[in-house]
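Being a predicted model, the structure only gives us computed values, none of them experimental. Computed from heavy atoms alone, side chains included, the values below leave out hydrogens, waters and symmetry copies.
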Amino acid sequence: MKYMHKAIWQSDGNLVIRGNTRALLFRALDDMRADLDKRDGDADQLKRTLAALQEVLGAYDGKLPSATELLGDPVKQRISRNLLKV
């Protein structure tokens, strides 16, 4: 997995989310929303929660990277780990 910045709690209770971690949060929200849209109406509460979170966070500025771009290719990582074991 690629290096991800950690979220930082400030003394006033705010949470600072930087760089690729911020992009990962928006990617997770977008993927979850897309998955929920495919399902029936049984996830209304979760959809409302995601909508409220999206409203608080606002929009992502720029093009949202894919999960593979953010985290790296899992197949390549598995092959790399297996080669290191030899």
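Residues passing the salt bridge (charged side-chain N to carboxylate O under 4.0 Å, His left out) test with Asp61, sequence neighbours excluded: Arg22. Under the salt bridge (charged side-chain N to carboxylate O under 4.0 Å, His left out) criterion, Asp30 pairs with Arg27, Arg33, not counting sequence neighbours. Applying the side chain to side chain contact (heavy atoms under 4.5 Å, CB included) test to Asn14 and every residue at least two apart in sequence or in another chain returns Gln10, Asp12. Contacts of Val56 classified as side chain to side chain contact (heavy atoms under 4.5 Å, CB included), with partners at least two apart in sequence or in another chain: none. Under the side chain to side chain contact (heavy atoms under 4.5 Å, CB included) criterion, Arg48 pairs with Gln45, not counting sequence neighbours.
Other residues sharing a hydrophobic cluster with Phe26 under the 4.5 Å side-chain heavy-atom criterion for ILVMFWY residues are Trp9, Leu15, Ile17, Leu25, Leu29, Met32, Leu36, Leu46, Leu50, Leu53, Leu57, Tyr60, Leu64.
In this structure, the separation between NZ on Lys47 and CG on Asp37 is 5.5 Å, given to the nearest 0.5 Å.
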